[in-house]
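Structure, as structure tokens:
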Amino acid sequence: MLDPKLLRESPDTVRAAIAKKHLNIDLEAIQSLDEQWRSQLAQVETLRAQQKSVNGEMAGLAKGSPEFMAKVGEMKSLKTELKELEGGLKETESAWQEAMLSLPNLPHASVPEGKTDADHVVAATHGDVNAVSADAQAHWEIPGFENLFDFARGAKTTGAGFPYYVGDGARIVRALIHFFLDEAGTAGYTEVNPPIFVNADSATATGQLPDKEGQMYETVIDQLYAVPTAEVPLTNFFRDEIIPEADLPVRRCAYTPCFRREAGSYGKDVRGLNRLHQFDKVELLKWVHPSQSYDELEALRNDAENLLKKLELPYRVLLMCGGDLGFAQAKKYDLEVWSGGQERWLEVSSCSNFEAFQARRARIRFRNTDGKPELVHTLNGSGLAVPRVLAALLENNLQADGTVKLPAVLVPYFGRDTLRFA
RNA sequence: GGAGAGAUGGCAGAGUGGUCGAAUGCGUCUGACUCGAAAUCAGAUUUACCGGCAACGGUAACGGGGGUUCGAAUCCCUCUCUCUCCGCCA
């Protein structure tokens with residue numbers, strides 16, 4: 001959520017931000033709701049003040065005395081009026097709140113203009129794309145692929161996009177998760193094993209609701225949401241809390257399975273391991289002092305990049321343009337790994353600074369040097385998403401004998417230096 | 001899942017219809033005393049929103065929501081959570 005004061009004091013800033021994100025929002029309607037809400041609030045508060053003062057007088061009167069009864073009569077009509085006004089206020093307030101939730105975060109000044117993925121700025125590239133064998137094949141075409149990654153039986157059991165990982169397939173997933181968590185720990189992130197179902201308040205705090213409701217799996221009876229990313233339970237750890245300033249920055253990581261309905265996806269995007277309804281991911285998260293958040297974003301990106309470097313995978317870093325920024329993000333880098341068999345880039349990490357947007361919704365604060373609570377900035381990034389990293393490993397490292405040579409860092413985790421499909 | 005008890009400020013813990021944003025203790029901060037410290041004494045010590053350049057003023061908040069009443073921390077309903085007992089269970 002944006003600071004309501006910002007909308008009052010400099011609506012043009014908000015208007016420009018909406019334009020940069022290429023969203024269509026009726027700002028005037030929200031502004032007039034805001035004015036209406038404030039004027040109704042003033043009316044209600046005036047009446048309440050009146051009620052309060054008369055109630056004080058009545059406390060000193062004998063119950064049932066004529067003076068007392070006269071006041072009761074007087075207050076009865078005030079009560080009726082107040083109730084009516086309060087009803088109107090409540091209505092306006094919930095409309096106002098809903099409208100405020102529909103306002104996206106402001107993009108940072110360094111975010112490039114643009115509407116589509118063609119407008120992203122390549123911030124860095126690493127590794128040699130051409131070093132990958134020219135006859136590399138898409139991972140789902142590798143002979144024996146379905147022995148390790150059984151989509152057919154997953155579809156039978158659950159549905160499309162819920163594969164079984166079998167044998168070396170399960171083992172490599174476990175090795176990657178373990179590797180990612182160990183690296184995050186070394187980089188200073190405290191490991192957390194969070195709940196993987198969250199309630200609506202939590203999903204709202206991080207911005208999944210109301211914006212992306214249709215993307216989450218929801219339980220019927222208890223109305224809980226399966227987490228689309230560990231970001232949700234991790235960020236909500238400090239919801240409604242004040243973190244001691246000395247503790248900042250707080251850095252944490254978590255592995256969770258992630259669940260996404262991915263409604264509307266199709267074609268080559270969803271082949272094989274490219275896009276799944278359930279996948280494994282390690283998430284990195286930071287709660288930082290507002291003055292540090294952009295430095296911390298660079299550090300976060302660096303932490304994620306280091307993983308790809310150690311895995312010896314070619315990748316590039318994109319600075320996302322305004323039109324492709326998420327609803328809640330102020331600035332975002334995507335890390336994309338080169339998939340030699342598909343000859344395309346696959347997104348494996350997204351590192352974002354949310355500034356105070358999530359913190360305001362979640363009321364996560366610290367006490368500043370004046371002793372006043374102030375909103376923290378939150379950042380998060382994948383470190384990393386397993387299936388696409390795995391896809392790149394399978395494609396880029398496939399050897400002539402049909403096995404996959406694993407990077408040295410994974411060997412201790414996997415137990416062998418090659419992965420076999422049979 | 002069943003039965004019962006409970007939820008009050010940073011913590012502990014009073015308050016069962018009016019003058020209660022809330023006693024008291026602890027903690028924290030400031031001052032006094034002291035060479036300094038401890039002890040002691042005095043004072044201060046929530047948050048959010050609205051209005052205001054500000055000083056300041058107003059309103060709200062006793063787990064959440066709703067109700068009764070002229071008036072609710074206090075009475076009623078409901079939800080959530082915690083505890084005790086029973087049941088079930090990795």
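Note on naming: letters A, B, ... go to the chains in the order of the sequence lines (proteins, then strands), and numbering restarts at 1 for each one. All values below come from the heavy atoms of this structure, side chains included, with hydrogens, waters and symmetry mates left out.
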**Whole-Å gap separating P (B:G71) and CD (A:Glu81)** = 14 Å

**Request:** Please list all pairs passing the ring-ring contact (aromatic ring centres under 6.0 Å, His included) test where one or both residues lie in residues 7-46 of chain A, with sequence neighbours left out.
**Result:** A:Trp37-A:Trp96

Please list, for nucleotides 66-70 of chain B, all pairs of protein and nucleotide N/O atoms separated by less than 3.5 Å.
unit_1, atom_1, unit_2, atom_2, d
B:G66, OP1, A:Lys90, NZ, 2.4
B:U68, OP2, A:Lys83, NZ, 3.0
B:C70, OP1, A:Lys76, NZ, 3.2

**Message:** Measuring only the C1' atom in each nucleotide, how far is B:A32 from B:U16? A whole number of Å is fine.
**Reply:** 42 Å

**Request:** May I have all residue pairs that pass ring-ring contact (aromatic ring centres under 6.0 Å, His included) and include part of residues 229-261 of chain A, sequence neighbours excluded?
**Result:** A:Phe238-A:Trp287

What are the atom names and distances for every N/O pair under 3.5 Å that joins the protein to nucleotides 79-82 of chain B?
none

**Message:** If I pick the C1' atom on B:C79 and the same atom on B:C89, what distance separates them, to the nearest angstrom?
**Reply:** 26 Å

**Message:** Measuring only the C1' atom in each nucleotide, how far is B:U34 from B:G21? A whole number of Å is fine.
**Reply:** 38 Å

**Prompt:** So what does A:Ala42 hit on the nucleic acid, given a heavy-atom distance under 4.0 Å: a base, only sugar-phosphate, or nothing?
**Reply:** nothing

**Prompt:** Does A:Tyr333 have any ring pair (Phe, Tyr, Trp, His ring centres under 6.0 Å) partners at least two apart in sequence or in another chain, and if so, which?
**Reply:** none

**Gap in Å between the two P atoms, one belonging to B:A7 and one to B:C75, rounded** = 10 Å

**Message:** Could you tell me how far B:G27 sits from B:C11 if I compare only their P atoms? Round to whole Å.
**Reply:** 16 Å

**Complete:** With A:Gln342 as partner, the option from A:Glu395, A:Arg271, A:Gln137 fulfilling side-chain contact (heavy atoms from CB on, under 4.5 Å) is A:Glu395

**Prompt:** When the nearest nucleotide of RNA chain B is assigned to A:Val54 and to A:Thr46 on a heavy-atom basis, which residue is associated with the more 5' position?
**Reply:** A:Val54

**Prompt:** Between A:Glu312 and A:Lys310, is the closest basic N to carboxylate O distance under 4.0 Å?
**Reply:** no

**A:Arg239 CZ to B:G64 P, straight-line distance once rounded to whole Å** = 14 Å

**Message:** Can you tell me if A:Lys52 touches the phosphate of B:U19, counting only side-chain N or O atoms and a distance under 4.0 Å to OP1 or OP2?
**Reply:** no

**Item:** Aromatic ring pairing A:Tyr217/A:His277, orientation class (parallel under 30°, perpendicular over 60°, tilted between)
**Value:** perpendicular

**Request:** Would you mind listing every salt bridge (charged side-chain N to carboxylate O under 4.0 Å, His left out) that reaches into residues 229-245 of chain A, with sequence neighbours excluded?
**Result:** A:Asp240-A:Arg363

**Fill in**
Applying ring pair (Phe, Tyr, Trp, His ring centres under 6.0 Å) to A:Tyr164 and not counting sequence neighbours gives none

**Message:** Expressed as a whole number of angstroms, how long is the span from A:Arg38:CZ to B:G52:P?
**Reply:** 8 Å

**Item:** A:Phe327: ring pair (Phe, Tyr, Trp, His ring centres under 6.0 Å) partners, not counting sequence neighbours
**Value:** A:Phe357

**Request:** Only pairs at least two apart or in different chains count here, so list each ring-ring contact (aromatic ring centres under 6.0 Å, His included) that has a residue in residues 58-92 of chain A.
**Result:** none

**Prompt:** When you look at CD of A:Glu84, are more than 12 heavy atoms from neighbouring residues, nucleotides or ligands closer to it than 6.0 Å?
**Reply:** no

**Request:** With salt bridge (Lys or Arg N to Asp or Glu O under 4.0 Å) as the test, would you mind laying out the steps for A:Arg365 and A:Glu374 before giving the verdict?
**Result:** CA-CA 5 Å; A:Arg365 297 172 292 171; A:Glu374 189 180 334; over 6 Å; no

Check the interface with nucleotides 45-49 of chain B: list each N/O to N/O pair with the protein under 3.5 Å, or write none.
unit_1, atom_1, unit_2, atom_2, d
B:U47, OP1, A:Arg367, NH1, 3.2
B:U47, O3', A:Arg365, NH1, 3.3
B:A48, OP1, A:Arg365, NH1, 2.9

**Message:** Rounded to whole Å, how long is the line connecting atom CD of A:Glu86 with atom P of B:G71?
**Reply:** 10 Å

**Request:** Applying side chain to side chain contact (heavy atoms under 4.5 Å, CB included), name anything that partners A:Asp26, two or more places apart in sequence or on another chain.
**Result:** A:Glu28, A:Ala29

**Asked** With rounding to whole Å, what would you report as the distance between B:C70 and B:G57 at their C1' atoms?
**Response** 26 Å

**Prompt:** Could you state the CG-P distance from A:Asp240 to B:G9, rounded to the nearest angstrom?
**Reply:** 14 Å

**Prompt:** Salt bridge between A:Glu296 and A:Arg251, side-chain N to carboxylate O under 4.0 Å?
**Reply:** yes

**Item:** Distance between C1' atoms of B:G4 and B:G87 (Å, rounded)
**Value:** 15 Å

**Request:** Measure the distance from CD on A:Gln36 to P on B:C50 and round it to the nearest whole Å.
**Result:** 16 Å

**Asked** How long is the line joining CG of A:Leu61 and P of B:G17, in whole Å?
**Response** 19 Å

**Request:** Using the P atoms only, state how far B:U74 lies from B:G66, rounded to an integer number of Å.
**Result:** 14 Å

**Paired and unpaired positions of RNA chain B as dot-bracket, Watson-Crick or G-U wobble under 3.5 Å, | denoting a partner strand** = ((((((((.[[[..)..(.....]]]((((((.......))))))((((((....)))))).[[[[[..)....]]]]])))))))....

**Message:** Hydrogens and angles aside, do A:Ser352 and A:Lys331 bring a side-chain donor and acceptor to less than 3.5 Å of each other?
**Reply:** no

